[in-house]
A.B. asks: 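Have a look at this one before I ask anything.
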There are 2 protein chains.
Amino acid sequence: MVLAKSSAPSRDRIVAGAADLISRRGLNAASIREVAKHAKAPLGSTYHYFPEGKQQLATEAVRYAGTAVAGILRQELHAGPVAGLRAFLGLWRGIVVDSDFRAGCPVLAVSVEEPPADETPPALVAATKAFQEWERLLVETLRAHGADAEQAPGLAALIVASVEGAIAMSRAERSMRPLDQVAGQLEALIVGAVGRPD
Amino acid sequence: MVLAKSSAPSRDRIVAGAADLISRRGLNAASIREVAKHAKAPLGSTYHYFPEGKQQLATEAVRYAGTAVAGILRQELHAGPVAGLRAFLGLWRGIVVDSDFRAGCPVLAVSVEEPPADETPPALVAATKAFQEWERLLVETLRAHGADAEQAPGLAALIVASVEGAIAMSRAERSMRPLDQVAGQLEALIVGAVGRPD
DNA sequence: CTCTGGCTATAACGATCGTCATAGTCTAGC
DNA sequence: GCTAGACTATGACGATCGTTATAGCCAGAG
């Protein structure tokens with residue numbers, strides 16, 4: 001699983017495990033005790049490594065997932081926007097399938113839970129940055145491959161939004177149909193956007 | 001009176017309040033106590049009206065939201081797919097804006113939380129049905145307005161997925177940018193799908 | 001060797017969770 | 001008015017939550 005390697009040092013295992021657990025259960029329902037057990041680390045260690053508690057752990061988990069996905073996306077986009085899209089979709093597809101539709105995107109999971117009080121918690125800020133970074137990478141490559149410069153941001157937003165939504169729909173339906181249907185639509189859209197001679 | 005009269009709008013208020021709270025906090029983090037308070041109903045009443053507990057309440061909340069959205073969608077689609085899309089988007093836009101980015105889609109919220117054990121809880125089944133019903137309504141209208149019959153399901157899936165994803169992204173970013181960008185993309189796609197002469 | 005400091009082990013704190021039981025209130029039908 | 005049944009009020013149960021405190025282990029520096 002891309003978001004949860006299991007042989008790194010303790011601290012990293014905790015972060016990766018938190019990302020995985022958050023993607024499954026949601027932010028509020030992912031308990032620190034479960035994260036620790038999931039990462040084969042003692043509960044005390046989580047507060048040793050993350051003295052600011054759950055908020056810090058959640059923030060690092062979101063950043064970890066966001067950065068990992070961005071890295072894969074950046075690398076695969078070198079082969080063009082369609083290849084990047086396929087890698088992006090294949091990544092999520094693998095997570096959903098390998099978990100038997102139980103895991104999804106931790107960034108989305110954090111995004112759909114109400115922040116406390118009237119301040120934006122750092123985990124939500126990290127989620128925003130992750131989404132925007134993915135969009136930015138897509139925009140860059142779309143433009144570099146001939147897509148209309150003004151239309152690229154809209155298409156990138158559509159890609160990220162529809163993939164995130166489709167992941168959730170596929171989990172609910174316990175079927176890859178939504179994700180695969182969206183994949184087909186997006187691929188055609190990208191081809192049309194970069195290949196069209198005006 | 002045994003069946004007919006379930007008295008005051010108390011029960012309905014609880015269901016609607018549960019849908020709202022679930023959309024804000026997520027399924028696991030939306031407690032029955034908060035739902036009761038939010039609906040100005042006593043805690044005991046929730047177990048009186050929903051003897052199967054939280055699972056039943058969540059299921060009815062998802063069905064309620066799914067049906068309400070489907071009703072609006074069905075009505076507005078009579079004026080065509082673009083009008084339907086605008087109503088769909090406007091509905092969610094209102095929920096997000098009016099709640100100051102705190103509320104979203106309860107169907108999505110239920111979809112992104114891991115089911116217990118190895119069986120599918122009824123709330124998740126209800127979520128699947130809600131998504132599929134929205135897609136079905138879109139497919140019908142797209143076809144009725146001249147969209148390619150084979151392409152309509154893919155476009156409908158893309159619409160639902162991207163709107164759901166964009167709602168979450170807008171909540172995270174505390175900005176309507178993602179939802180508005182997706183709106184523009186989808187509108188152009190629908191126009192192209194129904195209006196294009198081959 | 002001692003000693004230090006990063007890590008772990010264990011237990012507890014108050015709070016809140018889902019759920020249930022019991023008793024009380026109210027109202028509709030006789 | 002009386003009674004049955006729909007609803008409410010109240011409080012408790014075991015479990016689990018985030019968090020903290022305290023003591024113990026154990027490698028490496030001196």
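Order of the sequence lines sets the chain letters (A, B, ...), proteins ahead of strands, with each chain counted from 1.
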A.B. asks: Identify whether any heavy atom of Ala30(B) sits under 4.0 Å from a base atom; if not, whether one sits that close to sugar-phosphate; answer base, sugar-phosphate or nothing.
C.D. replies: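 Answer is sugar-phosphate: Ala30(B) comes under 4.0 Å of backbone atoms only.
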A.B. asks: Within the structure shown, what part of the strands sits under 4.0 Å from Tyr47(A) by heavy-atom distance: base, sugar-phosphate, or nothing?
C.D. replies: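 Base: the residue Tyr47(A), judged by heavy atoms under 4.0 Å, touches a nucleobase.
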A.B. asks: Calculate the interatomic distance between Lys40(B) atom NZ and dC7(D) atom P; express it in whole Å.
C.D. replies: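 In whole Å, dC7(D) P lies 20 Å from Lys40(B) NZ.
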A.B. asks: Measure from CD on Gln55(B) to C1' on dC20(C) and round the result to the nearest Å.
C.D. replies: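 Distance check: Gln55(B) CD to dC20(C) C1' gives 17 Å.
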A.B. asks: For Val35(A) and Leu57(A), work out which heavy atoms get closest and say how close.
C.D. replies: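 Closest heavy-atom pair between Val35(A) and Leu57(A): CG1-CD2, 4.1 Å.
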A.B. asks: Counting only side-chain nitrogens and oxygens, does Ser31(A) get under 4.0 Å of the OP1 or OP2 atom of dC17(D)?
C.D. replies: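 Answer yes for this pair, as a side-chain N or O of Ser31(A) is under 4.0 Å from OP1 or OP2.
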A.B. asks: How many Å lie between CG on Leu21(B) and C1' on dT16(C), as a whole number?
C.D. replies: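 Atom-to-atom, Leu21(B) to dT16(C), this comes out as 14 Å.
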A.B. asks: For Ala41(B) and for Ile32(A), find the nucleotide of DNA chain D with the closest heavy atom, then tell me which residue's nucleotide is more 5'.
C.D. replies: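 Closer to the 5' end of DNA chain D: Ala41(B).
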A.B. asks: Whole angstrom is fine here: how far is it from CG in Leu57(A) over to P in dG18(D)?
C.D. replies: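 It is 10 Å, rounded to the nearest whole Å.
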A.B. asks: Could you pick out which residue, Leu43(A) or Arg33(B), lies toward the 5' side of DNA chain D when each is mapped onto its nearest nucleotide?
C.D. replies: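 With Leu43(A) and Arg33(B) compared, the 5'-side residue is Arg33(B).
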A.B. asks: Consider the side chain of Pro42(A), meaning its heavy atoms from C-beta on, and name the nucleotide among dA9(C), dT8(D), dC7(C) that approaches it most closely.
C.D. replies: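 Selected nucleotide (nearest to the side chain): dA9(C).
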A.B. asks: Using a strict 4.0 Å threshold on nitrogen-to-oxygen distance, state whether Arg24(B) and Glu34(B) make a salt bridge.
C.D. replies: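 No.
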A.B. asks: Quick check for you: among dC7(D), dC7(C), dG18(C), whose closest atom lies nearest to any side-chain atom of Ser45(B)?
C.D. replies: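 Given the options dC7(D), dC7(C), dG18(C), the side chain of Ser45(B) is closest to dC7(D).
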A.B. asks: Let me check something: do Val182(B) and Leu89(A) share a hydrophobic cluster, defined by ILVMFWY side-chain heavy atoms less than 4.5 Å apart, either directly or through other members?
C.D. replies: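 Same cluster: Val182(B) reaches Leu89(A) through Ile, Leu, Val, Met, Phe, Trp or Tyr contacts under 4.5 Å.
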A.B. asks: If I take atom CD1 in residue Ile22(A) and atom P in nucleotide dG18(D), what distance separates them, rounded to the nearest angstrom?
C.D. replies: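 Rounding to the nearest Å, CD1 of Ile22(A) and P of dG18(D) are 11 Å apart.
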A.B. asks: Send over the distance from Lys54(B) NZ to dT16(C) C1', rounded to a whole Å.
C.D. replies: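 Spelled out: NZ on Lys54(B) to C1' on dT16(C) is 12 Å.
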A.B. asks: Would you kindly give the CZ-to-C1' distance between Arg11(B) and dA6(D), to the nearest whole Å?
C.D. replies: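 Value for this atom pair: 14 Å.
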A.B. asks: Tell me the closest heavy-atom pair linking Leu124(B) and Val110(B), and the distance in Å.
C.D. replies: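 Heavy-atom minimum between the residues: CD1-O, 3.6 Å.
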A.B. asks: Would you kindly give the NZ-to-P distance between Lys37(A) and dA9(C), to the nearest whole Å?
C.D. replies: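 To the nearest whole Å, that distance equals 14 Å.
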A.B. asks: Under a 3.5 Å distance rule, please check whether Glu113(A) uses its side chain to pair with a backbone N or O of Leu27(A) as donor and acceptor.
C.D. replies: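 Checked: pair present.
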